[in-house]
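If you read the sequence from its start, that first residue is 1, and numbering goes on from there.
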Amino acid sequence: MRNIKELVGKMTLEEKASMCSGETFWDTQTIERLEIPSVMVSDGPHGLRKQEGGKETEDQLGNRLNPITSICFPAACATASSFDTDLIEQMGEALGEECQATDVSVLLGPAINIKRSPLCGRNFEYFSEDPYLTGKISAAHIRGVQSWNVGTSLKHFACNNQEYLRMSVDSVIDERTLREIYLAGFEIAVKESQPKTIMCSYNRINGVYSAENKKLLSNILRNEWGFKGYVMTDWGAVADRVKGIAAGLDLEMPTSHGANDAKIVEAVKSGTLDEKLLDKAVTNLLNVIFDYVDNKDKHTDAKFDRERDHKKAVEVESECAVLLKNSGVLPLNKEKKIAYIGEFAEKPRYQGGGSSHIKSWKVISALDAAKDKGRKIEYSKGFPFNKDELNQSDFDAAVECAKNADVAVVFAGLPDALESEGFDRKNLDLPESQNKLIEEICRVNKNVVVVLHNGAPVILPWRDKVSAILELYLGGEGVGEACDRLLYGEANPCGKLPETFPVKLEDTPCYENFGGNGWTTEYKEGVYVGYRYYEKKKMAVQYPFGFGLSYTTFEFSNLKLSSSKMDDSSKITVSVDVKNTGCMRGKEVVQLYIADKTGTFGRPVKELKGFKKVQLDPQEFKTVELEIDARSLSWYSPDLGDWFAKSGKYEILVGNSSDNILAKAEINFTTKKHLPIKIGPDTTMGLLIEDERTAPIVDALFNKNGNPWEEGADIGELGEGSAEMANAMFTGLPIKSIASFGIATREEVDKFIEDLKKAVE
C-alpha cells in the first residue's frame with residue numbers, strides 16, 4: 001500500500017504543479033525520479049476510442065498513427081431506452097475489460113447532461129430528459145466499467161445542454177432547477193457508484209466557469225456528495241488555472257506545455273495560492289493513478305475479445321429499440337415478400353459524430369443480416385444515407401419496389417451532417433426526401449414499416465399512415481443484426497422512450513430560450529423539462545416519456561404498499577403484480593411516479609422515482625418491488641438549503657409510461673423539517689396558519705380578540721359565496737393589516753410579530 005502523503009511530501013513545487021496538467025494529449029504526467037508513471041485516458045463512452053502509436057506520433061489534436069478497431073456499443077440515447085440497469089452494467093463490464101486489456105486507465109464517460117431541448121447536437125451521447133433515469137443508468141454504467149479497476153469520467157459537470165458556444169456561454173439558472181434537474185443525475189451516480197473522475201464542462205454557470213466553480217467542484221461535489229476521485233477539465237476548458245486549483249480542479253487536459261504549470265508555481269511562491277490546495281489536487285490524482293497501476297496485476301486475464309463483445313453489442317441493442325407503433329404487421333412473416341427501402345438499410349447510422357466516434361470492428365447492416373438468414377428481401381436505395389437529396393430515378397424505383405411487396409420497410413433517419421457534437425440542430429425534421437418517399441409509399445402499399453436511425457426526437461408527419469414504427473436510435477455496430485431479430489420476432493421489442501417526442505419544435509419547453517443570445521442562455525422553464533412540462537401544460541405529444549410497445553401484452557394488478565404512512569427517516573416498499581397476457585415471451589418496464597397532493601406551489605404533475613424491467617413468459621406473472629423514501633417526495637428549497645417534502649398526501653402512481661398509469665395508491669407523509677419563514681409586516685395569515693410553529697400563535701390572537709372572517713361571522717355585503725371569499729381574504733391578509741380590521745391593537749401587532757419570530761428561530 002503506497003503512502004501517497006509521503007510521496008507528495010517528496011515532490012518539488014515544480015513537480016507538483018506539473019502533475020496538474022497532462023504530459024500529452026491523452027496521458028498524465030510522468031515523474032521518473034519518484035516512480036510516478038504516466039497513465040492513459042481515452043474517449044468513450046460507448047466504445048474505446050484509443051489511438052495507436054507512441055506519444056511522439058501525436059498531431060496537434062492528439063491523434064496518433066491509427067485508431068484501434070473497437071466495439072461500438074449503442075450510444076446513450078439507445079442504452080437509456082433499455083430502462084435496464086443490469087444490462088447496462090454488463091455493457092460497462094465489457095468496456096472496462098477492453099480498457100484494462102489495452103492499458104487505458106480512464107474511459108471518458110458516461111456523458112449525462114439532461115436533454116433540455118431535442119435540438120442539442122450532442123443529445124445522442126446523453127441519456128434522458130429525466131434526472132432519475134439518468135442517474136440510475138449512469139451509475140450502472142460506472143459500476144460495470146470500474147469493476148475492472150478502470151476509471152470513468154462522469155461528464156460534463158454541469159449544465160452543458162447545448163453545443164452552440166458551449167465553450168463560453170453562461171448558463172443562467174436558479175438554484176432549485178440546478179439541483180432538481182441538472183445536478184440530480186450526477187448526485188445519484190456519485191453517491192451510488194463513485195466514479196474515479198469527474199469532467200467539468202466548458203461553460204459558465206451563473207457567471208463562473210465550471211473549471212473555477214468552487215461551489216460546484218468542492219462544496220457540492222466533495223463536501224455534500226462525498227466524491228473521492230479527481231476532477232479533470234474537458235479538453236481546453238481552463239480559463240484561469242490558479243483559480244481552478246483553488247476551486248477544486250485537479251487535472252487540466254490536455255497538456256499546457258508548461259505554461260499553466262509555471263502560473264501555479266508563481267501563485268504559490270507569491271502567496272496567492274495556498275500550497276495545501278495544490279497538495280490536495282496532487283493527492284487526488286495520485287490516489288486514482290495508483291489505484292489503477294497497483295491493481296493491474298489482478299487483471300492479467302483481461303482480454304479484448306471483439307467477437308464476444310460484438311455479440312454483447314447486438315444483445316444490448318436488441319433490448320434498447322423502442323416499438324412506437326404496430327398495427328399487427330410486425331413481426332414480419334418470413335414467407336412474405338419484403339421490400340427494404342432507404343440506404344440506411346445498407347449503410348446504417350449507428351453512432352454519433354465527434355469525440356465519441358470510433359473505428360468499429362464489424363458492422364453488419366440490416367440488409368446483410370436479412371440476406372445471411374435467407375429472408376425474401378428486395379432492396380431499393382430510395383434516398384441516400386448521408387444527405388437530403390431526391391434522385392427521381394431512385395425515388396421511382398423505390399415506389400415500384402414497395403408496390404410489388406407484401407410489406408415495405410423504410411429505413412429512415414438523420415444523416416451525420418444534421419446531428420453531431422459541435423453544433424445544434426436547426427429543426428426536428430427528417431430529411432424532406434425521406435418524408436416525401438414515405439408518404440408516396442403509403443399510397444401504394446398499406447403495410448409500411450418505418451425503422452428510425454437518429455439520436456434524438458424527430459417529427460413524424462406520416463405516423464398515422466404507416467403500420468409500424470421501430471425506433472433504433474444510434475444502436476451501435478450491432479444495430480443491423482438487432483434490427484433483423486426484432487423485425488422478424490426473434491427478439492421482442494422492450495425499450496421505452498427516455499425522452500418525449502413533441503408534436504412540433506415550438507412546443508418544446510425552452511423553445512424561446514434555447515441557445516441564448518451569444519453570451520448567456522437562460523433556463524427560464526425552470527424544473528419543467530420534458531414530460532414535466534408537457535403534462536403541466538396538458539399538451540399533446542407524438543410519444544410520451546417512458547412509452548414503448550411489445551409483441552405481447554401485459555397486465556398490472558394488486559398494487560400494495562408496505563405502509564400508508566412515511567416520515568423523514570422511513571422507507572416504503574411498493575409492490576405490483578405484472579402478468580404477460582399475450583402469447584410471446586417479453587419484457588415490461590414497471591415505472592413508479594410520485595405526485596405531490598399537498599398543494600405545494602411549483603411542483604410537476606408527477607415525477608419518475610423508480611423503475612424495474614421484468615421478463616415474463618406467456619401467462620406468467622411476477623411481483624415487482626420498488627422502494628421510495630423521503631427524498632422521492634422532495635423538492636429542493638434554496639431557502640432551506642436542503643431537500644424538503646411538505647407534510648400531507650402523496651400519490652404513488654405505477655404504469656408502463658408517463659401517460660399510462662395503471663394503478664394508484666396514497667400515502668400520508670409527516671416531516672419534522674420546516675421551511676424558513678421571514679416574519680415581518682408583509683407575512684400573510686395563510687403562511688402562518690400552515691406552519692405548526694406559528695399556527696398556535698395565530699389561534700391565540702384570534703381566540704382572544706375574535707376573527708371577523710371566521711365561519712358564521714357577520715361579513716356584511718360579501719353576498720353569495722362569501723365563505724369562500726372570506727377565506728381567501730383571510731389567507732392573503734398581511735400582519736400589517738390586522739390592526740386596520742380591529743383584530744388587534746398596534747401594540748398587540750408588535751407583540752404578535754415578536755412571538756412569531758421567536759417561534760421560528
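Q146 CD to Y292 OH: the interatomic distance, rounded to the nearest 0.5 Å, is 13.0 Å. Distance check, rounded to the nearest 0.5 Å: CD of E23 to CD1 of I31 gives 9.5 Å. Here CG of D642 is found 8.5 Å from OG of S637. Values are rounded to the nearest 0.5 Å. The CG atom of L251 sits 6.5 Å away from the OG1 atom of T233 when rounded to the nearest 0.5 Å. Atom CZ of R693 sits about 11.0 Å away from atom CD of E761, to the nearest 0.5 Å. Atoms CD1 and CD1, from I142 and I137 in turn, are 11.5 Å apart once rounded to the nearest 0.5 Å.
Proximity of a side-chain donor or acceptor of S128 to a complementary backbone N or O of L133 within less than 3.5 Å is not detected. Side chain of Q162 to backbone of F514: no donor-acceptor contact under 3.5 angstrom is found. Within the 3.5 Å criterion, the main-chain N or O of S562 finds no donor-acceptor partner in the side chain of T573. For the pair E535 (side chain) and V605 (backbone), a donor-acceptor distance under 3.5 Å is absent. Remark: side-chain polar atoms of K136 are not paired, donor with acceptor, to backbone N or O of T85 under 3.5 angstrom. In terms of modelled atom types and a separation under 3.5 Å, the side chain of D567 and the main chain of T670 share no donor-acceptor contact. No donor-acceptor pair under 3.5 Å is formed between the side chain of D43 and the backbone N or O of S356. Between the side chain of T671 and the main chain of S647, no donor-acceptor pair closer than 3.5 Å is present. Side chain of N287 to main chain of T283: a donor-acceptor pair is present (N/O by atom type, distance under 3.5 Å, no hydrogens or angles). Side-chain atoms of K606 come within 3.5 Å of backbone N or O of S658 as a donor-acceptor pair.
Side-chain contact between I289 and M19: present, with at least one pair of heavy atoms (C-beta onward) separated by less than 4.5 Å. Proximity of R222 to V231: side-chain heavy atoms (C-beta onward) are separated by under 4.5 Å at one or more points. Under the 4.5 Å side-chain criterion, counting only non-hydrogen atoms from C-beta, L178 is in contact with C159. For the pair L633 and M566, the minimum side-chain heavy-atom distance is below 4.5 Å. By the 4.5 Å heavy-atom criterion applied to side chains, Y533 and P604 are not counted as neighbours. Side chains of K16 and D279 form a contact here, defined as non-hydrogen atoms less than 4.5 Å apart. With a 4.5 Å cut-off on side-chain heavy atoms, Q591 and L608 count as touching. Proximity of C77 to Y473: side-chain heavy atoms (C-beta onward) are separated by under 4.5 Å at one or more points.
Relative orientation of the F83 and F611 rings is perpendicular, given thresholds of 30° and 60° on the angle between their planes. Ring geometry, Y182 versus Y523: the interplanar angle exceeds 60°, so the pair is classed perpendicular (tilted spans 30 to 60°).
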Practice problem: Evaluate side-chain contact (heavy atoms from CB on, under 4.5 Å) for F186 paired with N113, printing each intermediate quantity in order. | Solution: CA-CA 9 Å; F186 286 98; N113 294 105; 4.2 Å; yes
Practice problem: Give the intermediate values and the outcome of salt bridge (charged side-chain N to carboxylate O under 4.0 Å, His left out) for residues K263 and D240. | Solution: CA-CA 9 Å; K263 292 179 181 179; D240 187 314; over 6 Å; no
Practice problem: Decide salt bridge (charged side-chain N to carboxylate O under 4.0 Å, His left out) for R603 and E180; before the verdict, give the C-alpha distance in whole Å, the side-chain angles of both, and the deciding distance to 0.1 Å. | Solution: CA-CA 11 Å; R603 299 220 61 184; E180 289 188 33; 5.5 Å; no
Exercise. For Y202 and H156, run side-chain contact (heavy atoms from CB on, under 4.5 Å): C-alpha distance rounded to whole Å, both residues' side-chain angles, the deciding distance at 0.1 Å, then the answer.
Key: CA-CA 8 Å; Y202 290 111; H156 308 88; over 6 Å; no
Quiz prompt | Worked check of side-chain contact (heavy atoms from CB on, under 4.5 Å) between L48 and I358 | solution = CA-CA 7 Å; L48 184 55; I358 67 170; over 6 Å; no
Exercise. Determine, stepwise, if the pair L108 / W26 fulfils side-chain contact (heavy atoms from CB on, under 4.5 Å).
Key: CA-CA 11 Å; L108 302 178; W26 299 110; 4.0 Å; yes
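The shortest heavy-atom contact between S218 and A247 is OG-O, 2.6 Å. In terms of heavy-atom proximity, M232 sits nearest to S153 at SD-OG, 3.2 Å. Closest of all the heavy-atom pairs between L249 and V238 is CD2-CG2, 4.2 Å. When all heavy atoms of P457 and T500 are compared, the pair lying nearest together is CG-O, 3.5 Å. Here the closest heavy-atom approach between residue Y650 and residue I594 is recorded as CD2-CG2, 4.3 Å. For I181 against I114, the heavy-atom pair with the smallest separation is O-CG1, 3.2 Å.
In this model, a donor atom of one side chain and an acceptor atom of the other lie less than 3.5 Å apart for S632 and D629. Side-chain contact, S201 with N203: a donor N or O sits under 3.5 Å from an acceptor N or O. If you check the side chains of D261 and S21, you find a donor sitting under 3.5 Å from an acceptor.
Using a 4.0 Å cut-off between a side-chain N of Lys or Arg and a carboxylate O of Asp or Glu, R532 and D130 qualify as a salt bridge. Between R116 and E525 there is a salt bridge, since a side-chain N of the basic residue sits under 4.0 Å from a carboxylate O of the acidic one. A salt bridge between K296 and D103 is present, with a side-chain N of the basic residue lying under 4.0 Å from a carboxylate O of the acidic one.
K196 NZ: 12 or fewer foreign heavy atoms inside a 6.0 Å radius. Annotation: K613, atom NZ; neighbour count of heavy atoms from other residues, nucleotides and ligands within 6.0 Å is above 12. Within 6.0 Å of the NZ atom in K280, the count of heavy atoms belonging to other residues, nucleotides or ligands does not exceed 12. Heavy-atom contacts from other residues, nucleotides or ligands closer than 6.0 Å to NZ of K298 number 12 or fewer. Crowding of K536 atom NZ: a count of heavy atoms from other residues, nucleotides or ligands under 6.0 Å exceeding 12.
For R179, the salt bridge (charged side-chain N to carboxylate O under 4.0 Å, His left out) test picks out E175, E224, with sequence neighbours left out.
Applying the side chain to side chain contact (heavy atoms under 4.5 Å, CB included) test between Y126 and each of T134, N160, I112 identifies N160 as the sole match.
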